[in-house]
Amino acid sequence: MATRLPLICLLVSVTAIAADLSPERYWNTALPNTPIPNSLRHLFTPDFTDEKRTNVQVGKGGVNVNSGKGKPGGGTAVNVGKGGVHVDTGKGKGTHVSVSGGKGHGGGVGVHTGKPGKRTDVGVGKGGVIVHTRHKGKPVYVGVKPGPNPFVYNYAASKTQLHDDPKAALFFLEKDMVPGKEMNLRFNEEDGYDGKTAFLPRGEAETLPFGSEKFSEILKTFSVKPGSGEAEMMKKTIEECEAKRVGGEEKYCATSLESMVDFSVSKLGKDHVRAVSTEVAQKNAPMQKYRIAAAGVKKLSDDKSVVCHKQKYPFAVFYCHKAMMTSVYAVPLEGENGLRAKAVAVCHKNTSAWNPNHLAFKVLKVKPGTVPVCHFLPETHVVWFGY
């Protein structure tokens, strides 16, 4: 059965057919002068996503898109014309259609069919037509070590976290950030899915349940067994998103790149803002000894910032928090095997509101509010700041 929706401010022409409601397009529209960090760009086209072009027929009646595989009734037909948007999934399966005006970021039409991770997405916007066909199923859960997220500062460290969590080594004192200083570090981080998670378009992410009161529905949506290690990991992420904020910080869990951009821009503005992340020359580099290079440390910001930490979840979710009284540094590192890294460090000048048993205090043997506490960002995390 066809579904009809009124068309809102959609302009279609023979030479410039609409397309591309991708997260990357949204970023470039909202922040044209801000480069996308590689840590985020890698989440646009993961190994489990294929991008395919599709035949587009343009006539007086509008635009016809067919994402099928050549079999009659085997695909999703999307017709865009003067009368509106017509969608036919062929087998009566659920279809999500989003229509937005041409003036906003990524204005156009988005059509999503099927379940998360098992669907065809059709984007119709200003640049053409793009069809994303995802492989069946979500990323395979490979397991992750349990323990509190050290970047949520109201949690106490677990009994074994000091010795078992590689992220413990990421914390250091600001006074130690000098050329020649040596530290044992690992910048890649376990996410439970071997780095296979990806951003979902906001229109899709917002249709999915998210929150502790919907946890049973979440497990059914992603076909996760209650009580399993994967279920406990997802539950922990949601609890951290819903936890009380620390001191005067503002926090937000972004379930899409678009919502991360909106939160960061709302706190920092968009005219003079940068987003940076740690970059290591070798993928999945092991724990090793690094030395701060002679080129020295460069301070990037000395005021407020928004730090977004990638969470453990079936699709890309970031725990973002605006922090006042922070400094952001670029730190060049040289590994003992010659490996080079462009690390990003954040220093918190006021830690008085942190849990006194937080991992950082146990690692550094200091008390809350006494000295600035710094940490390197894992490769998948990003910090935003004004300049």
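Keep in mind that this is a model prediction, so the values were computed, not measured. All values below come from the heavy atoms of this structure, side chains included, with hydrogens, waters and symmetry mates left out.
Salt bridge E24/R41: present, at least one basic N to carboxylate O contact under 4.0 Å. The pair E189-K310 does not count as a salt bridge, with every side-chain nitrogen at least 4.0 angstrom from each carboxylate oxygen.
The shortest side-chain heavy-atom distance between Y313 and T255 does not fall under the 4.5 Å cut-off. Side-chain contact check for V280 versus L333: every heavy-atom pair is 4.5 Å or farther apart. M233 has its side chain within reach of Y141: a pair of non-hydrogen atoms, C-beta onward, lies under 4.5 Å apart. With contacts defined as side-chain heavy-atom distances shorter than 4.5 Å, the pair E174/C374 qualifies. When side chains are defined from C-beta on, T326 does not count as touching V383, because their heavy atoms never get closer than 4.5 Å. For the pair E239/S212, no side-chain contact is recorded, criterion being any heavy-atom separation below 4.5 Å from C-beta on. Looking at heavy atoms from C-beta onward, C320 lies out of side-chain contact with W384 at the 4.5 angstrom threshold. V297 has its side chain out of reach of V178: every pair of non-hydrogen atoms, C-beta onward, lies at least 4.5 Å apart.
The two residues H358 and A360 come nearest to each other via the heavy atoms ND1-N, 2.9 Å. Residues P150 and Q161 approach most closely at CD-NE2, 4.1 Å, considering heavy atoms. What you find for M177 and C347 is that their closest heavy atoms are CE-SG, 3.9 Å. Residues V224 and A231 share a closest heavy-atom pair of CG1-N, 3.7 Å. The heavy-atom pair separating A294 from P179 by the smallest distance is CA-CB, 4.2 Å. Of all non-hydrogen atoms in S256 and A205, the two that sit nearest each other are CB-CB, 4.4 Å.
Linking ILVMFWY residues whenever their side-chain heavy atoms come closer than 4.5 Å, directly or via other members, leaves Y319 and V382 in distinct clusters. Taken together through direct or relayed side-chain contacts under 4.5 Å among Ile, Leu, Val, Met, Phe, Trp and Tyr, V371 and L170 form part of one hydrophobic cluster. Hydrophobic clustering, with ILVMFWY side chains joined whenever heavy atoms are under 4.5 angstrom apart, groups F210 together with F222. Hydrophobic clustering, with ILVMFWY side chains joined whenever heavy atoms are under 4.5 angstrom apart, groups W27 together with F263. Residues F151 and L173 share a hydrophobic cluster, clusters being chains of Ile/Leu/Val/Met/Phe/Trp/Tyr side chains in contact below 4.5 Å.
Other residues, nucleotides and ligands contribute over 12 non-hydrogen atoms within 6.0 Å of the NZ atom of K349. Atom NZ of K299 has more than 12 neighbouring heavy atoms from other residues, nucleotides or ligands inside a 6.0 Å radius.
Between the CG atom of L185 and the CZ atom of F172 there is a distance of 8.5 Å, given to the nearest 0.5 Å. Atom CD of E182 and atom NZ of K289 lie 5.0 Å apart (nearest 0.5 Å). Atom-to-atom distance recorded for L257:CG and R202:CZ is 9.5 Å, nearest 0.5 angstrom. Here CD1 of I218 is found 8.0 Å from CD of E213. Values are rounded to the nearest 0.5 Å. Remark: L339 CG to Q288 CD distance equals 5.0 Å, nearest 0.5 Å. Rounded to the nearest 0.5 angstrom, M325 CE and D302 CG are separated by 9.5 Å.
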task: Just do the side chain to side chain contact (heavy atoms under 4.5 Å, CB included) check on N357 and K362 with the steps written out, would you?
output: CA-CA 7 Å; N357 292 312; K362 292 186 176 296; 4.0 Å; yes
- request: Tell me, with the steps shown, if Y26 and D262 meet side chain to side chain donor-acceptor pair (under 3.5 Å).
  value: CA-CA 10 Å; Y26 187 90; D262 288 352; 2.8 Å; yes
message: For a side chain to side chain contact (heavy atoms under 4.5 Å, CB included) check, start with the C-alpha distance between K236 and Q311, then their side-chain angles and the critical distance, and finish with the verdict.
response: CA-CA 10 Å; K236 186 65 176 177; Q311 299 298 99; over 6 Å; no
Audit row: F318, F199, side chain to side chain contact (heavy atoms under 4.5 Å, CB included) steps and yes/no: CA-CA 10 Å; F318 281 78; F199 280 119; 3.7 Å; yes
task: Under the side chain to side chain contact (heavy atoms under 4.5 Å, CB included) rule, what do H381 and F187 come out as? Steps first, then yes or no, please.
output: CA-CA 10 Å; H381 300 203; F187 291 104; over 6 Å; no
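Panel note: side chain E240, backbone N149; a donor-acceptor pair is recorded below 3.5 Å. A donor-acceptor contact shorter than 3.5 Å is absent between the side chain of S305 and the backbone of K322. Proximity of a side-chain donor or acceptor of T34 to a complementary backbone N or O of V273 within less than 3.5 Å is detected. Under the 3.5 Å distance criterion, the side-chain polar atoms of D191 are matched with a main-chain donor or acceptor of D194. Without hydrogens or angle criteria, T197 side chain to A316 main chain gives no donor-acceptor distance under 3.5 Å. Under a 3.5 Å cut-off, the side chain of S259 and the backbone N or O of A254 do not form any donor-acceptor pair. Of the possible polar contacts, one joining the T278 side chain to the V344 backbone as a donor-acceptor pair under 3.5 Å is found.
For an aromatic pair to be called close, the ring centres must be under 6.0 Å apart, and Y290 with F376 fails this. The six-membered or imidazole ring of F171 lies away from that of F361, with a centre-to-centre distance of 6.0 Å or more.
Residues in residues 152-249 take part in these disulfide (SG to SG under 2.5 Å) pairs, two or more places apart or across chains: C241-C253.
Ring geometry, H348 versus Y153: the interplanar angle exceeds 60°, so the pair is classed perpendicular (tilted spans 30 to 60°).
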